[in-house]
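Report on the structure given below.
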Amino acid sequence: MQNGIFKGEKRPIVTIVMDGVGLCRREAGNAVRTARTPTLDRLMANYKMFSLKAHGTAVGLPSDDDMGNSEVGHNALGAGQIFAQGAKLVTAAIESGKMFDSQAWKDVAGGCAAGGTTLHFIGLFSDGNVHSHIDHLKAMLVRAKADGVKTVRVHILLDGRDVGETSALEYVEPFEAFLSSLNDGGFDARIASGGGRMTITMDRYEANWDMVRRGWEAHVLGQGRQFASAKEAIETYRAETGCIDQDLPAFVIAENGSPLGTIEDGDGVIFFNFRGDRAIEISRAFDESDFDKFDRVRYPKVNYAGMLEYDGDAHIPSRYLVSPPEIKGTMGEFLVAHGKTQLALSETQKYGHVTYFWNGNRSGKFSEELEEYIEIPSDVVPFEQRPWMKCAEISDVLIEKIRSGRFDFLRVNYPNGDMVGHTGSFDATVIAMEALDLSLARVLKAVDEARGIAIVTADHGNADEMYEISKKTGEPARNADGTPKAKTSHTLNPVPCILYDNFYSDAYTCVDGAYGLANVAATVVTLAGMTPPDYWEKSMVALK
């Protein structure tokens with residue numbers, strides 16, 4: 001096995017992640033199958049393709065009812081292992097009481113109880129279980145009351161992405177009833193502000209700090225259009241704008257013209273998302289005294305905590321309720337230890353996935369000498385207006401790096417299927433897939449020129465199921481006007497893993513079996529002639 005399929009010659013292995021491209025047989029709403037994709041069609045017809053599980057327990061989530069996402073998907077791809085992920089960690093910490101025994105909870109909630117100040121919760125308001133879960137919020141509210149906190153304000157980020165696109169009131173109305181059941185004995189908990197997750201607060205990778213500014217103004221300063229209730233805000237904005245939940249503007253709940261829940265000196269603030277990418281920027285705004293990304297106007301001295309430590313190397317935030325999984329022994333680290341050169345490449349929207357998440361929630365490189373990371377700046381425009389995103393630019397760089405002959409392993413993420421799929425625009429997502437297909441054709445030609453191989457895979461589904469499907473009929477659900485109801489969330493579908501190899505297929509056999517994303521790492525290093533660590537999931541190939 002020492003020389004692998006390349007017999008000691010330096011040839012590239014390129015791992016291509018088609019973000020959000022799953023496998024689904026249904027034609028209706030399937031942008032992957034509807035798009036004209038001659039390259040992808042040829043790959044699926046003529047090369048060995050595995051179907052990989054990319055959701056639920058295969059990526060460390062609590063159950064197989066849980067959709068996969070890019071973060072846990074890239075953790076599994078990069079680590080070759082399955083680790084208990086955010087939702088599972090938080091649920092266990094709540095059930096065991098470990099969260100409430102943490103110093104962070106005592107500092108934040110205990111500080112509010114002792115000082116008579118307000119405890120604020122900010123986060124994604126749904127049970128999508130990708131960024132957050134409303135049950136975690138409810139458990140913390142119950143405990144805050146038990147611990148002597150008297151005033152709580154909740155700042156809700158409407159989902160419509162990991163759950164139904166217009167499902168906000170399905171969460172708001174029962175939650176208001178839940179708060180009413182708690183509000184006795186001097187305890188006062190109410191919704192104070194909110195807005196759509198793609199409009200305020202939850203930006204990532206510094207793509208659009210203006211989103212965070214708008215959230216800060218609503219949550220902290222109480223600035224924005226005022227409503228008597230969250231329900232009134234949602235219904236009014238829907239009628240006026242026609243926007244789905246994720247795109248609704250910011251709102252502030254007020255009484256007699258005064259905001260109900262501004263954030264003041266001495267207050268406590270908990271950001272209750274467990275997923276890190278869209279939690280880092282708002283955490284920095286609360287944590288950093290020298291913050292300069294936008295004018296905060298007023299910087300209250302609060303006790304701030306995140307649900308998890310969202311960036312372990314940069315220690316963002318400085319205080320957190322539950323420790324993230326300690327992911328060690330990743331493929332990147334393994335390859336560096338074996339002296340192999342690596343490239344990681346994507347545009348801004350997914351750059352952190354092929355670096356931070358791929359490396360086990362670790363910022364920075366394992367080796368400055370052996371690794372190169374390249375970020376192509378994303379355009380700050382609605383993705384449905386430019387569905388090709390940075391496909392061409394990513395491919396230009398990747399082809400150049402393949403031809404350089406410098407790299408043993410190259411990994412790249414094309415975000416189109418996921419980012420455009422999340423908009424709910426079927427037509428735009430079809431274009432996104434066609435742009436991706438053009439890029440695949442260009443890159444695979446360069447792989448052949450270098451006598452390398454490529455592993456073409458994905459991290460989860462999205463573009464493959466763009467319509468909500470009725471559980472009763474198995475057909476697309478319909479809006480009142482008869483049009484299909486858009487689906488903007490990830491799917492439970494498997495993803496492809498295609499071995500693109502025009503030179504070495506007689507050097508190995510493919511081992512049939514039930515596989516997930518974590519099996520890719522061992523497959524890659526086996527092809528290169530290295531023995532995967534015992535703690536990795538097994539390889540899908542065996543050398544002859």
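Atom set for the values below is all heavy atoms of this structure, side chains included, hydrogens, waters and symmetry mates excluded.
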Taking every non-hydrogen atom, the tightest pair across Ala168 and Ile234: CB-CD1, 3.9 Å

Distance in Å, Ile270 CD1 paired with Asn273 CG, rounded so as to fall on 0.5 Å steps: 12.5 Å

Between His490 and His422, a side-chain donor and acceptor under 3.5 Å: yes

Leu77 and Arg411, any side-chain heavy atoms less than 4.5 Å apart: no

Close side-chain approach of Asp464 and Val21, heavy atoms under 4.5 Å: no

Interatomic distance, Thr166 atom OG1 to Leu158 atom CG [nearest 0.5 angstrom]: 11.5 Å

Side-chain H-bond candidate by donor/acceptor type, Ser378 with Glu347, under 3.5 Å: yes

No-hydrogen, no-angle side-chain donor-acceptor test under 3.5 Å, Thr151 and Asp188: no

Worked check of salt bridge (charged side-chain N to carboxylate O under 4.0 Å, His left out) between Lys390 and Glu375: CA-CA 11 Å; Lys390 291 294 182 180; Glu375 175 185 359; over 6 Å; no

Side-chain (Tyr304) to main-chain (Lys301) donor-acceptor, under 3.5 angstrom: no

Polar side chain donor-acceptor pair, Glu264 to Thr262, under 3.5 angstrom: yes

Between His74 and Asn413, a side-chain donor and acceptor under 3.5 Å: yes

Check ion pair Arg161-Asp245 (N to O, under 4.0 angstrom): no

ring-ring contact (aromatic ring centres under 6.0 Å, His included) between Phe227 and Tyr237, intermediate numbers included: CA-CA 11 Å; Phe227 296 88; Tyr237 278 146; 5.2 Å; yes

Matching residue for Asp147 among Lys150, Lys145, Arg143 - test: salt bridge (charged side-chain N to carboxylate O under 4.0 Å, His left out): Arg143

Any His460 side-chain heavy atom under 4.5 Å of His55 side chain: no

Lys53 side chain reached by Tyr515 side chain, heavy atoms, under 4.5 Å: no

Thr91 vs His136 side-chain heavy atoms within contact, under 4.5 Å: yes

Salt-bridge present (Arg190, Glu255; N to O < 4.0 Å): yes

Within 45° cone and under 6.0 Å: Lys365 NZ/CZ vs Tyr373 ring: yes

Sidechain N-carboxylate O distance under 4.0 Å for Asp19, Lys350: yes

Pairs involving residues 196-213, ordered by first then second residue, that meet salt bridge (charged side-chain N to carboxylate O under 4.0 Å, His left out) (sequence neighbours left out): Glu71-Arg204, Asp159-Arg197, Asp162-Arg197, Arg204-Asp277, Glu206-Arg284, Glu206-Lys293, Asp210-Arg213, Asp210-Arg214, Arg213-Glu217

Tyr171 vs Ile156 side-chain heavy atoms within contact, under 4.5 Å: no

pair Trp216-Thr201: side-chain heavy atoms closer than 4.5 Å: no

NZ or CZ of Lys138 within 45° of Phe175 ring axis and under 6.0 Å: no

No-hydrogen, no-angle side-chain donor-acceptor test under 3.5 Å, His120 and His219: no

Over all atoms of both residues, closest heavy-atom pair of Val525 and Pro532: CG2-CG, 3.6 Å

SB check Arg153 Asp267 (cutoff 4.0 Å): no

Sequence neighbours left out, cut at 3.5 Å: what donor-acceptor pairs do the side chains of residues 78-86 make with other protein atoms?
residue : atom : partner : partner atom : Å
Gln81   : NE2  : Ala79   : O            : 2.9
Gln81   : NE2  : Lys328  : O            : 2.9
Gln81   : NE2  : Gly329  : O            : 3.1
Gln85   : NE2  : Asn75   : OD1          : 3.1

Aromatic ring pairing Phe294/Phe291, orientation class (parallel under 30°, perpendicular over 60°, tilted between): perpendicular

Identify every side-chain donor-acceptor pair in residues 93-100 under 3.5 Å, counting partners at least two apart or on other chains, and give the distances.
residue : atom : partner : partner atom : Å
Ser96   : OG   : Ala92   : O            : 3.0
Ser96   : OG   : Ala93   : O            : 3.4
Ser96   : OG   : Lys98   : N            : 3.2

Distance-minimising heavy-atom pair for Val495 and Ala458: CG2-O, 3.5 Å

